[in-house]
Amino acid sequence: MKNTVLIILAITVFVLGGWIIYDNKDSSSNDTKADNENSISSSSDVSKAESKTTLDLSGKGITKVDSSVYGKQETTVLILSDNSINTLPSEMGKMTNVTTFKIDHNLLDGSLIGEIRQMSKLKVLDVSYNKMTGMPAEIGQLSNLETLNYSYNDITGLPNELENLKNNLKEFDLTGNPLSQETITKLKNSLPNTKIIF
């Protein structure tokens, strides 16, 4: 009888002990799961925040810029590189929070729209590898501009208003444009603190 009681007691302890261990393990597993869900949620939030401020439509075969682009006025980084865009609508001026605008490797010709002046927070403007023949005087109003890339276009002349950028413009790339040495020299004198690449 004593032996039977001891055996039952031993089995009870074993079963209860196993249950406690299992329960703890299960609880620990739930904690880990909860932690993972929090990190996924927070990572997703970051992703959403980035998508609200960064609009990257590079290489999407876009031929026309419409309200699906300029309607996102909270955008700070706008990338339209590697498309087939040949003109920009004046409504682009509504995107006043943009600090980086890349529209390189497209089919833009003529000159950028004058409304570019409304993008007053612009720090980086890249319109390289297009077919532009001119540059709007309004670029001289972009007082926060630090990097300007007009390389590999067909620019033959530059507006005098570029001189207004001499305090902040760090780099101006004009590689591959048919500019005269006289024009480049004049530009260097206008922007003495800017690295001119040609």
Side-chain angles (χ1 to χ4, degrees), residues 53 55 57-58 62-67 69-198:
T53 57
L55 185 56
L57 296 172
S58 54
I62 297 170
T63 57
K64 184 181 178 183
V65 178
D66 59 23
S67 59
V69 176
Y70 59 72
K72 292 183 168 61
Q73 294 172 32
E74 71 276 16
T75 301
T76 58
V77 176
L78 177 60
I79 305 173
L80 299 174
S81 310
D82 296 300
N83 283 297
S84 300
I85 301 165
N86 58 19
T87 186
L88 290 174
S90 59
E91 287 89 347
M92 292 294 291
K94 294 177 181 178
M95 302 187 80
T96 54
N97 289 310
V98 173
T99 58
T100 297
F101 181 23
K102 295 186 177 186
I103 192 164
D104 55 291
H105 294 83
N106 273 280
L107 303 173
L108 293 173
D109 57 10
S111 180
L112 269 183
I113 54 173
E115 285 80 4
I116 194 76
R117 71 182 179 278
Q118 292 171 254
M119 293 183 170
S120 57
K121 295 179 183 177
L122 263 183
K123 290 184 177 181
V124 176
L125 176 59
D126 185 353
V127 292
S128 60
Y129 292 92
N130 277 283
K131 299 177 178 180
M132 311 204 88
T133 54
M135 197 177 296
E138 286 84 353
I139 281 187
Q141 295 179 37
L142 300 175
S143 57
N144 291 304
L145 203 60
E146 295 177 0
T147 303
L148 181 56
N149 190 345
Y150 256 90
S151 61
Y152 300 99
N153 277 281
D154 295 312
I155 307 290
T156 54
L158 300 170
N160 293 329
E161 287 80 1
L162 286 173
E163 185 176 0
N164 298 336
L165 306 178
K166 62 185 175 184
N167 293 327
N168 287 314
L169 191 63
K170 295 173 183 175
E171 184 174 293
F172 189 4
D173 194 342
L174 287 161
T175 306
N177 286 285
L179 290 163
S180 67
Q181 187 57 51
E182 181 184 351
T183 301
I184 293 293
T185 301
K186 184 180 177 184
L187 180 65
K188 284 183 173 180
N189 290 336
S190 299
L191 301 171
N193 301 315
T194 303
K195 180 182 178 183
I196 311 288
I197 305 169
F198 63 97

Quiz item: Atom CG of L191 and atom CG of L162: how far apart are they, to the nearest 0.5 Å?
Solution: 6.5 Å
Quiz item: To the nearest 0.5 Å, how far apart are OG1 in T87 and CG in D109?
Solution: 7.5 Å
Practice problem: I would like to know whether I196 and L187 meet side-chain contact (heavy atoms from CB on, under 4.5 Å); could you show each step before the answer? | Solution: CA-CA 8 Å; I196 311 288; L187 180 65; 3.9 Å; yes
Quiz prompt | Atom CD of Q73: over 12 foreign heavy atoms under 6.0 Å | solution = yes
Quiz prompt | Nearest non-hydrogen partners of I103 and V127, listed with the distance | solution = CG2-CG1, 3.4 Å
Exercise. Identify the two heavy atoms, one from Y150 and one from P136, that lie closest to each other, and give their separation to 0.1 Å.
Key: OH-CD, 3.8 Å
Self-check item: Shortest non-hydrogen contact between N177 and S151, atoms and distance
Solution: ND2-CA, 3.9 Å
Exercise. Check whether any side-chain N or O of N144 sits under 3.5 Å from a backbone N or O of S120 as a donor-acceptor pair, and report yes or no.
Key: yes
Self-check item: Y70 to K94 - nearest heavy-atom pair and separation
Solution: O-CB, 4.4 Å
Quiz prompt | Pairwise distance CD(E161) to CD(Q141) - rounded to 0.5 angstrom | solution = 8.5 Å
Quiz prompt | Given N130, L80, L107, the one that forms side-chain contact (heavy atoms from CB on, under 4.5 Å) with I85 | solution = L80
Quiz item: Can you find a pair of side-chain heavy atoms, one from F198 and one from T175, that are under 4.5 Å apart?
Solution: no
Quiz item: Taking all atoms of both residues into account, what is the closest heavy-atom pair of L88 and I113, and its distance?
Solution: O-CG2, 3.3 Å
Quiz prompt | Sub-4.5 Å side-chain heavy-atom contact between T147 and L145 | solution = no
Quiz item: Run the side-chain contact (heavy atoms from CB on, under 4.5 Å) check on I155 and T133 step by step: do they pass?
Solution: CA-CA 4 Å; I155 307 290; T133 54; 5.8 Å; no
Quiz item: Going by atom types only, do N193 and K166 share a side-chain donor-acceptor pair under 3.5 Å?
Solution: no
Self-check item: Rounded distance (nearest 0.5 Å) linking atom CD of Q118 with atom CE of M95
Solution: 12.5 Å
Quiz item: What is the distance from atom CG of L125 to atom CD1 of I116, rounded to the nearest 0.5 Å?
Solution: 5.0 Å
Quiz item: With no hydrogens and no angle check, is any side-chain donor or acceptor of N168 less than 3.5 Å from a backbone partner on S143?
Solution: yes
Self-check item: Steps toward side-chain contact (heavy atoms from CB on, under 4.5 Å) verdict (K102, N149)
Solution: CA-CA 9 Å; K102 295 186 177 186; N149 190 345; over 6 Å; no
Quiz item: Between the side chain of N153 and the main-chain N/O of L108, is any donor-acceptor distance below 3.5 Å?
Solution: no
Quiz item: Do the non-hydrogen side-chain atoms of L174 and I197 ever get within less than 4.5 Å of each other?
Solution: no
Self-check item: Donor + acceptor pair across side chains of N160, K186 (<3.5 Å)
Solution: yes
Quiz item: Applying the side chain to side chain donor-acceptor pair (under 3.5 Å) test to K121, which of T100, N97, T76 qualifies?
Solution: N97
Practice problem: Would you tell me whether S81 and D104 have side-chain atoms, one donor and one acceptor, within less than 3.5 Å of each other? | Solution: yes
Exercise. Search all heavy atoms of M92 against all heavy atoms of L78 and return the closest pair with its distance.
Key: CE-CD2, 3.7 Å
Quiz item: Is T183 reaching over with its side chain to a backbone N or O of L179, donor-acceptor style, under 3.5 angstrom?
Solution: no
Quiz prompt | Trace of the side-chain contact (heavy atoms from CB on, under 4.5 Å) decision for L169 with E146 | solution = CA-CA 4 Å; L169 191 63; E146 295 177 0; 5.6 Å; no
Quiz prompt | Residue pair T75 / K72, side-chain heavy-atom distance below 4.5 Å | solution = yes
Self-check item: Point-to-point distance, once rounded to the nearest 0.5 Å, from CG of L165 to CD1 of I139
Solution: 8.0 Å
Quiz item: For residues 91-144, which residue pairs qualify under ring pair (Phe, Tyr, Trp, His ring centres under 6.0 Å), counting only residues two or more places apart or in two chains?
Solution: H105-Y129, Y129-Y152
